[in-house]
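What follows is a short report on a single structure.
Just so it is clear, the model here is predicted, and its values are computed rather than measured.
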Amino acid sequence: MSFPLLTATAVLPAIGAIATAAVPAARRTAAKWLALLVSLATLALAIVVLVRFDPDGDRYQLTESHWWIKDFGVRYELGVDGIAVALIALTALLIPFIILAGWHDADPLETGNTRWRPTQGFFALILGVEAMVIISFEATDVFLFYIFFEAMLIPMYFLIGGFGDRAHEHGEETASTQRSYAAVKFLLYNLVGGLIMLAAVIGLYVVAGNFSLQEIAEARANGSLDMATNTERWLFLGFFFAFAVKAPLWPLHTWLPNAMGEATAPVAVLITAVVDKVGTFAMLRFCLQLFPEASKWATPAILVLALISIIYGALLAVGQRDIKRLVAYASISHFGFIIMGIFAMTSQGQSGATLYMVNHGISTAALMLVAGFLISRRGSRLIADYGGVQKVAPVLAGTFLIGGLATLSLPGLAPFVSEFLVLVGTFASYPVIGIIATFGIVLAALYTLVLYQRTMTGPVKPEVAEMPDLRVRELVVVAPLVVLLIFLGVYPKPVTDIVNPAVEHTMSDVQKKDPQPEVEAAK
C-alpha cells in the first residue's frame with residue numbers, strides 16, 4: 001500500500017496539537033516552538049501534495065479509501081482535486097505565520113496567583129483547527145466531511161472565547177463578556193447550519209444509499225440515480241445553508257464581525273482566511289457536484305444575496321470605528337465576490353472565485369496581522385486613537401498600506417486578478433449583477449484609503465510618538481505575505497494551472513458552457 005500522504009498531512013497537526021497541550025505548564029516557550037515546528041512540517045507535507053498532484057491527471061488524486069462504519073456505508077475516503085490542493089497549501093502556509101504572529105498572545109496576563117492564560121492550549125487549538133480544515137478539504141465521503149466540518153467549531157469556540165483581544169476600551173470585565181457573547185454567537189449560528197446540513201446528509205443517504213461523493217456524482221451523471229426535482233432542491237438548500245453560514249453570506253453573516261472583533265488578530269486571520277474558506281470550497285465540491293440542477297435553479301437568488309453581501313459589507317466597512325471590525329466587514333464583501341463567481345456558472349467566474357479564496361487568505365492575513373501588531377503597541381482598536389504612525393514606524397505603515405491596497409484589489413497585487421476574473425465571468429452571464437458589483441470596488445477604495453489616512457498620516461498623536469517599528473519576528477511574518485501578494489499579482493499562472501482543470505470538471509457537472517460573445521458580422 002502506498003504512503004497515505006493525505007492522511008499524514010491532516011494527522012500530523014492533530015498529533016502536534018496533543019503533544020503541545022501535554023507540554024508542562026512551566027515550559028511555555030517549548031510549547032510555542034513545538035507548535036511552530038509541527039506547522040512547518042505540515043507545510044512541507046502540503047508542498048509534497050502540491051508537487052505530486054498532476055493537474056492534467058485524474059480529477060481526484062492521492063486517493064485513500066477504507067471502510068469506517070460499514071453497516072451505514074460510511075468510508076474513510078480522501079482525495080484532492082486542484083481546488084483542494086490550492087486551499088490545503090494556503091492553510092499550511094498561513095498557520096506558521098499565525099503561530100509566529102500570536103507568539104505572545106497567550107502569555108500570562110499577570111504573574112503570581114492571578115489569572116493564567118494556558119499558552120499550551122492556545123497553540124494546541126490552532127493546530128487542531130488546522131488538522132480539521134485540511135481533512136475537510138480532503139474528504140470525499142460526505143459523512144466524513146460533515147464530522148470535521150462541525151468538529152472544527154469546538155476549538156474555534158475556545159480560541160474566540162478564551163483567548164480574546166486584550167485591547168478593549170471598556171476594561172477586562174466587559175471584554176470578557178463580549179468575548180463570551182461572540183464565541184457563543186459563532187457557535188450557535190454554525191451549529192444551526194450544521195444541524196440543517198445533517199438532515200440533508202441523512203436525506204442524501206436515503207436517496208443514494210451511500211455517502212461517497214464520487215459514487216453519487218457518477219450515478220447522477222450516468223442516470224442510474226435520478227432524484228426528484230423537489231428532493232434535490234431541498235437537499236441542496238440543506239447543504240447550502242450550512243455553507244452560507246460558514247462563508248459567511250448575507251444575511252447569515254452577523255457572527256463574523258463579533259468573532260473577528262473580539263478574537264486576537266491571529267485568530268481573526270484563522271477565522272476568515274482559513275476556516276471560512278471551507279464554506280465556499282464546499283459549495284463547489286458538494287453543492288454543484290451533487291445537486292447540479294438545483295444549483296442552477298437557485299443561482300439567481302444566490303447571486304442577489306452575494307451582491308447584497310458585496311455592497312452591504314463594503315458600506316458597513318466605510319462607517320466602522322474599530323479597525324478589526326472594518327476588516328471583518330470588508331471580508332464579508334469579499335466573500336460576496338467569491339460566491340458570485342462560483343454561481344456565475346462560467347469558467348472565468350469559478351476560476352476567479354477559487355483564485356480569490358487563495359488571494360483573499362493572503363491579503364487578509366497581511367492586513368489583519370499588521371493591524372494586530374499596531375493594536376498591540378497602542379492598546380486600542382479604535383481608528384480615532386491613531387494618527388501619524390508612518391512618521392514613527394514607517395515599515396509598519398508601509399506593510400499596512402500594501403495589505404490595504406491588496407484588499408481594494410489594486411492592479412499588480414494578487415486580489416486584482418481574481419476579482420477581475422469574477423467580474424468578467426459574472427458579466428458574461430448576468431451583466432446587471434456584474435455592473436452593480438463593481439461599486440463594491442469603489443467602496444473598497446474608500447474604506448481602505450480612509451483607514452490608512454486616519455491611522456498613518458497627519459500629525460503624530462502623543463500616544464503613538466514612541467511606537468516602535470516592526471521587530472524581526474513581525475517582519476518574518478509580514479514579508480513573505482507581501483512577496484506573495486506581489487508575485488501572484490503579476491504571475492498568477494502557478495495557481496490557475498492547478499485549479500482550472502478542476503473548474504472544467506465542475507462546469508461539466510452542472511452541464512454549463514461559457515456564453516459566446518456576440519460579434520456583429522462584417523458588412
For [X] and [Y], indicate whether the former's side chain and the latter's backbone hold a donor-acceptor pair under 3.5 Å.
{"X": "Thr346", "Y": "Gly425", "answer": "yes"}
{"X": "Ser333", "Y": "Tyr329", "answer": "no"}
{"X": "Glu232", "Y": "Ala294", "answer": "yes"}
{"X": "Thr91", "Y": "Ile134", "answer": "no"}
{"X": "Arg285", "Y": "Ile83", "answer": "no"}
{"X": "Gln320", "Y": "Leu316", "answer": "yes"}
{"X": "Gln61", "Y": "Asp54", "answer": "yes"}
{"X": "Thr438", "Y": "Ile435", "answer": "yes"}

Between atom [atom1] of [X] and atom [atom2] of [Y], what is the distance when rounded to the nearest 0.5 Å?
{"X": "Leu93", "Y": "Ile362", "atom1": "CG", "atom2": "CD1", "value": "6.5 Å"}
{"X": "Leu367", "Y": "Lys324", "atom1": "CG", "atom2": "NZ", "value": "12.5 Å"}
{"X": "Ile332", "Y": "Ser309", "atom1": "CD1", "atom2": "OG", "value": "7.5 Å"}
{"X": "Ser363", "Y": "Leu405", "atom1": "OG", "atom2": "CG", "value": "11.5 Å"}
{"X": "Leu443", "Y": "Ile310", "atom1": "CG", "atom2": "CD1", "value": "11.0 Å"}
{"X": "Leu488", "Y": "Lys493", "atom1": "CG", "atom2": "NZ", "value": "13.5 Å"}

Residue pair [X] / [Y]: nearest heavy atoms and the distance that separates them:
{"X": "Ser136", "Y": "Met152", "value": "OG-CE, 3.4 Å"}
{"X": "Ala46", "Y": "Ala89", "value": "CB-CA, 4.5 Å"}
{"X": "Leu423", "Y": "Ala437", "value": "CD2-CB, 3.9 Å"}
{"X": "Val490", "Y": "Gly412", "value": "CG1-O, 4.1 Å"}
{"X": "Gln350", "Y": "Leu288", "value": "NE2-CD2, 3.3 Å"}
{"X": "Phe163", "Y": "Arg179", "value": "C-CD, 4.5 Å"}

Taking the side chain as everything from C-beta on, heavy atoms only, tell me whether [X] gets closer than 4.5 Å to [Y].
{"X": "Val269", "Y": "Phe97", "value": "no"}
{"X": "Leu195", "Y": "Glu150", "value": "no"}
{"X": "His505", "Y": "Asp81", "value": "no"}
{"X": "Tyr430", "Y": "Thr299", "value": "yes"}
{"X": "Met456", "Y": "Leu401", "value": "no"}
{"X": "Leu188", "Y": "Trp255", "value": "no"}
{"X": "Met340", "Y": "Leu303", "value": "yes"}
{"X": "Val327", "Y": "Thr364", "value": "yes"}

In terms of the angle between their ring planes, are [X] and [Y] parallel, tilted or perpendicular, with boundaries placed at 30° and 60°?
{"X": "Phe137", "Y": "Phe281", "result": "perpendicular"}
{"X": "Phe240", "Y": "Phe236", "result": "parallel"}
{"X": "His253", "Y": "Tyr312", "result": "perpendicular"}

When you look at Val478 and Phe373, which way does the side chain to side chain contact (heavy atoms under 4.5 Å, CB included) test go after all the steps? CA-CA 10 Å; Val478 176; Phe373 298 149; 3.7 Å; yes

Answer with yes or no whether the side chains of Tyr452 and Gln390 bring together a donor and an acceptor at under 3.5 Å. yes

Under a plain distance cut-off of 3.5 Å, with no hydrogens placed, do Tyr189 and Thr254 share a side-chain donor-acceptor pair? yes

With ring pair (Phe, Tyr, Trp, His ring centres under 6.0 Å) as the criterion, how do Phe243 and Phe149 come out once you've worked through the C-alpha distance, each side chain's angles and the decisive distance to 0.1 Å? CA-CA 10 Å; Phe243 303 151; Phe149 179 80; 5.6 Å; yes

Are Phe400 and Tyr386 close enough that their ring centers fall under 6.0 Å? no

Just do the side chain to side chain contact (heavy atoms under 4.5 Å, CB included) check on Thr272 and Phe335 with the steps written out, would you? CA-CA 9 Å; Thr272 190; Phe335 274 102; 3.6 Å; yes

Within a reach of under 6.0 Å around CZ of Arg59, are more than 12 heavy atoms found that belong to other residues, nucleotides or ligands? yes

Would you say that more than 12 heavy atoms from the other residues, nucleotides or ligands in this model lie under 6.0 Å from the CZ of Phe427, or not? no

Would Lys461 and Asp385 satisfy side chain to side chain contact (heavy atoms under 4.5 Å, CB included), going step by step from the backbone distance to the final call? CA-CA 8 Å; Lys461 291 201 171 184; Asp385 288 342; 5.6 Å; no

Testing Ile154, Leu153, Leu159 one by one against Met156 for a side-chain contact (heavy atoms from CB on, under 4.5 Å), which residue passes? Leu159

List in chain and number order the residues that pass side-chain hydrogen bond (donor to acceptor under 3.5 Å, both in side chains) with Lys185, two or more places apart in sequence or in another chain; answer none if no residue qualifies. Asn258

So, Glu262 and Arg381, do they make that salt bridge, N to O below 4.0 Å? yes

Could you walk me through whether Leu396 and Glu474 pass side chain to side chain contact (heavy atoms under 4.5 Å, CB included), step by step? CA-CA 9 Å; Leu396 187 155; Glu474 296 165 338; over 6 Å; no

